[in-house]
Amino acid sequence: MPLLHLSFYSAFTLSSLGLAFHRAHFISALLCLESMMLSMYIALSTWPVENQTPSLALTPIFMLAFSACEAGTGLAMLVASTRTHGSDNLQNLNLLQC
């Protein structure tokens with residue numbers, strides 16, 4: 001396995017493990033999601049260059065646009081939960097009370 005592929009796979013795996021195990025604060029979950037999207041964006045951007053195929057330049061741009069929308073929505077949810085609950089701790093959020 002080339003070193004470039006190993007770095008993308010390890011970045012995505014570490015981000016997903018961080019999302020699964022370190023769910024103390026909402027901002028840390030958002031950062032893990034953003035690092036997952038960044039590793040997928042870089043992998044999609046370098047894939048046509050490695051395979052010497054015609055460039056699919058629209059796919060990484062669409063994914064980058066969706067990740068920007070996800071980041072904006074996540075930050076809006078962070079601000080809303082901080083205003084209503086007083087902190088960004090995920091343990092303070094209760095879905096049954098909403």
Side-chain angles (χ1 to χ4, degrees):
M1 178 182 316
L3 186 61
L4 190 63
H5 289 244
L6 181 65
S7 65
F8 295 144
Y9 294 146
S10 63
F12 188 82
T13 304
L14 288 175
S15 300
S16 60
L17 287 175
L19 183 63
F21 293 126
H22 300 290
R23 294 182 299 179
H25 295 282
F26 195 61
I27 192 74
S28 65
L30 287 176
L31 283 173
C32 288
L33 283 174
E34 285 302 312
S35 63
M36 288 171 67
M37 292 300 254
L38 181 65
S39 66
M40 285 178 19
Y41 170 74
I42 294 172
L44 278 176
S45 297
T46 58
W47 181 58
V49 175
E50 289 178 359
N51 293 334
Q52 297 174 351
T53 59
S55 177
L56 300 173
L58 224 50
T59 305
I61 292 173
F62 277 141
M63 202 191 87
L64 191 63
F66 284 127
S67 72
C69 293
E70 177 255 335
T73 305
L75 288 176
M77 288 173 45
L78 174 71
V79 169
S81 69
T82 303
R83 285 185 180 173
T84 57
H85 297 292
S87 71
D88 69 335
N89 286 337
L90 289 176
Q91 286 81 18
N92 292 342
L93 301 176
N94 189 359
L95 293 177
L96 297 177
Q97 292 178 351
C98 294

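Here the structure is a predicted model, which is why all the values come from computation and not from measurement. Only this structure's heavy atoms are used, side chains among them; waters, hydrogens and symmetry mates stay out.
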Restricting to side-chain hydrogen bond (donor to acceptor under 3.5 Å, both in side chains), what partner residues turn up for Ser35, sequence neighbours left out? Ser15
side-chain hydrogen bond (donor to acceptor under 3.5 Å, both in side chains): pairs with one or both residues in residues 62-80, sequence neighbours excluded: none
Once you measure the plane-to-plane angle for His5 and Tyr9, does it fall in the parallel (<30°), tilted (30-60°) or perpendicular (>60°) bin? perpendicular
Residues that Leu19 engages under side chain to side chain contact (heavy atoms under 4.5 Å, CB included), provided they are two or more places apart: Ala29, Cys32, Leu33, Met36
Please determine whether residues Leu75 and Met77 belong to a single hydrophobic cluster, defined as Ile, Leu, Val, Met, Phe, Trp and Tyr linked transitively by side-chain heavy-atom distances below 4.5 Å. yes
Is it possible for you to say whether Leu31 and Met37 belong to one hydrophobic cluster, with membership spreading through side-chain heavy-atom contacts below 4.5 Å? no
Distance check, rounded to the nearest 0.5 Å: Phe12 atom CZ versus Phe8 atom CZ? 13.0 Å
Which other residues belong to the hydrophobic cluster containing Leu17, where Ile, Leu, Val, Met, Phe, Trp and Tyr are joined when side-chain heavy atoms lie under 4.5 Å apart, directly or via other members? Phe21
Let me see the working for Arg83 and Val79 under side-chain contact (heavy atoms from CB on, under 4.5 Å), right down to the final yes or no. CA-CA 6 Å; Arg83 285 185 180 173; Val79 169; 3.8 Å; yes
Sequence neighbours excluded, which residues qualify as side chain to side chain contact (heavy atoms under 4.5 Å, CB included) partners of Thr82? Leu78, Asp88
Here the gap from Tyr41 atom OH to Thr46 atom OG1, rounded to the nearest 0.5 Å, amounts to 10.5 Å
Inter-residue atom distance Leu64.CG - Ile42.CD1, 0.5 Å rounding: 10.5 Å
